[in-house]
Amino acid sequence: MHNRKMGIRWGLCCLFREEPIRFAIRQATHLARFDRVRQLALLSATILANGQALLAAIAYCAGNGIGAFRVNSRIFPLKTHPSIGYRLADLPDHAAIDRLYRQAGRAAAEQDIRLTFHPDQFTLLSSPDAGVTARSLEELAYHAEVAEYVGADVVTLHGGGGYGDKQAALERLMRELDRLPDPLRDRLALENDDRIYTPADLLPVCVSTGIPFVYDVHHHRCHPDGLSIEEATRRAVATWRREPLLHLSSPKDGWNSPNPRAHHDFIDLADLPDCWRDLPITVEVEAKAKEIALRHLLAALDKTAQISSL
DNA sequence: AGCGGTCAAGTTGAT
DNA sequence: ATCAACTTGACCGCT
């Protein structure tokens with residue numbers, strides 16, 4: 001059982017700064033020089049190594065008061081690449097990979113480490129370009145496949161582009177959401193971003209489709225919509241039929257800098273909304289110092305808890 | 001061994 | 001029209 005502080009389950013995102021836990025990737029241009037057998041051997045070895053890294057990441061979280069871990073989308077490198085892409089059954093170590101990733105899923109479940117995914121900016125369901133949507137659906141299918149493997153319960157997606165007409169784009173997004181296969185639909189969540197889609201834009205979509213809303217308070221502060229943090233939090237939490245997921249970060253050079261969107265190495269406790277403190281929620285910490293930032297944050301929370309109990 | 005250019009994908013906005 | 005930013009290291013070719 002991990003160490004829950006103030007009602008919040010704290011989550012680490014993808015990487016470690018100091019801890020020697022590394023997830024490897026492969027480059028398509030490099031692999032393209034080899035024959036298919038060699039490509040699959042290299043990919044297979046990388047995926048096995050990444051599975052071991054995932055086990056290590058879960059163990060680290062369990063031992064350090066961290067209750068959630070976001071898995072890097074590239075844990076199966078180039079899985080959906082148009083020319084290098086592959087099926088799991090094609091990999092020479094398929095059976096061992098299967099065992100290892102299911103083992104990681106069991107380890108996460110046993111130690112109560114929530115696993116999540118967050119596909120990158122190339123994955124979106126609002127594009128007017130059918131090819132972009134088709135490739136995104138394939139990418140999401142890959143995420144759902146790995147999520148099922150390891151028991152991850154959230155795949156967080158942004159709204160995508162605005163294309164000069166956000167309402168039309170949101171209607172395309174809703175149409176795609178309505179026809180997702182169940183394994184994906186059951187895991188997908190929508191998150192506000194810092195340039196285009198605000199909580200006020202996405203909450204109605206979430207309510208109408210039943211897809212939960214991931215509230216990123218840093219994005220909301222960069223790109224406000226008239227909703228207060230308290231109101232956005234309340235409405236976001238209400239979209240979840242399981243533990244809600246929220247995102248927290250602090251600005252690299254302060255809120256008055258030219259670019260407050262950039263993430264700081266650490267979390268300033270002042271950026272944690274007071275109304276989050278006692279909620280039964282998962283908060284993923286997007287701080288560049290990774291596990292060091294979590295360590296500092298947990299220590300700072302301990303200190304304030306001690307002071308308030310005097 | 002170390003350095004630096006490059007890396008699959010989409011969209012926006014600055015120049 | 002072109003290209004950096006987004007976010008981000010890690011990889012790989014070259015010296």
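The sequence lines fix the lettering, A, B, ..., with proteins before strands; numbering per chain opens at 1. Computed over heavy atoms, backbone and side chain alike; hydrogens, waters and symmetry mates excluded.
Looking at Thr123(A) and Glu139(A), their side chains never bring a donor and an acceptor atom within 3.5 Å of each other.
In this structure, NE2 of His263(A) is placed 14 Å from C1' of dA5(C), rounded to the nearest angstrom. One atom, CZ of Arg17(A), and another, C1' of dT7(C), lie 14 Å apart when rounded to the nearest Å. Taking atom CG of residue Asp165(A) and atom P of nucleotide dT12(B), one finds them 12 Å apart after rounding to whole Å. In this structure, CG of Asp120(A) is placed 13 Å from P of dA8(B), rounded to the nearest angstrom. Atom pair Phe16(A):CZ and dA10(C):C1' shows a separation of 17 Å (rounding to whole Å applied). One interatomic measurement links the two molecules: CZ of Arg261(A) to C1' of dA14(B), which rounds to 12 Å at whole-angstrom precision. Residue Leu43(A) contributes atom CG, which lies 14 Å from atom C1' of dA8(B) at whole-angstrom precision. Rounded to whole Å, the distance from OH on Tyr197(A) to C1' on dT12(B) is 12 Å.
The separation of dC7(B) from dA4(C), taken at their C1' atoms, amounts to 15 Å, rounded to a whole angstrom. Between dC11(C) and dG10(B), the distance separating the two C1' atoms is 23 Å to the nearest Å.
When distances are taken from the side chain of Asp194(A) to each of dG10(B), dT7(C), dA10(C), the shortest belongs to dT7(C). In the set dC11(C), dA8(B), dG10(B), dC11(C) carries the atom at the smallest distance from any side-chain atom of Ile25(A).
Although no hydrogens or angles enter the test, the distance criterion places a donor-acceptor pair under 3.5 Å between the side chain of Arg36(A) and the main chain of Ile84(A). Side chain of Arg22(A) to main chain of Glu19(A): a donor-acceptor pair is present (N/O by atom type, distance under 3.5 Å, no hydrogens or angles). In this structure a side-chain-to-backbone donor-acceptor pair under 3.5 Å is present from Arg9(A) to Asp112(A). At least one donor-acceptor pair closer than 3.5 Å links the side chain of His219(A) to the backbone N or O of Asn192(A). A distance-only check finds a donor-acceptor pair linking the side chain of Lys79(A) to the backbone of Tyr86(A) [under 3.5 Å].
The aromatic rings of Trp255(A) and His218(A) sit tilted relative to each other, their planes meeting at an angle between 30° and 60°.
Of all nucleotides present, none satisfies the Watson-Crick or G-U wobble test against dT7(C) with each distance under 3.5 Å. dT15(C) and dA1(B) make up a base pair, with Watson-Crick or G-U wobble contacts both under 3.5 Å. With a cut-off of 3.5 Å on both pairing distances, dA8(B) has no Watson-Crick or G-U wobble partner at all.
The 5' end of DNA chain C is approached more closely, in terms of each residue's nearest nucleotide, by Phe23(A) than by the other of Phe23(A) and Arg33(A).
Evaluation of atom-type donor-acceptor distances gives a pair under 3.5 Å for the side chain of Thr80(A) against the base of dA8(B).
Neither OP1 nor OP2 of dA10(C) sits under 4.0 Å from any side-chain N or O of Asn72(A). Side-chain N/O atoms of Arg26(A) include none lying less than 4.0 angstrom from OP1 or OP2 on dA8(B). Distances shorter than 4.0 Å separate none of the side-chain N or O atoms of Arg195(A) from OP1 or OP2 on dC6(C). Within the 4.0 Å cut-off from OP1 or OP2 of dA9(B), not a single side-chain nitrogen or oxygen of Thr123(A) is found. Not one side-chain nitrogen or oxygen of His30(A) sits closer than 4.0 Å to the OP1 or OP2 atom of dC11(C). Proximity of Ser127(A) to the phosphate of dT11(B): a side-chain N or O atom is located under 4.0 Å from OP1 or OP2.
If you check residues 170-179 of chain A against DNA chain B, you find no residue with a heavy atom closer than 4.0 Å.
Stacking of Phe122(A) onto the six-membered ring of dG10(B) is not present when judged by under 5.5 angstrom between centres and under 30° between planes.
Around CG of Asn256(A), the count of heavy atoms belonging to other residues, nucleotides or ligands within 6.0 Å does not exceed 12.
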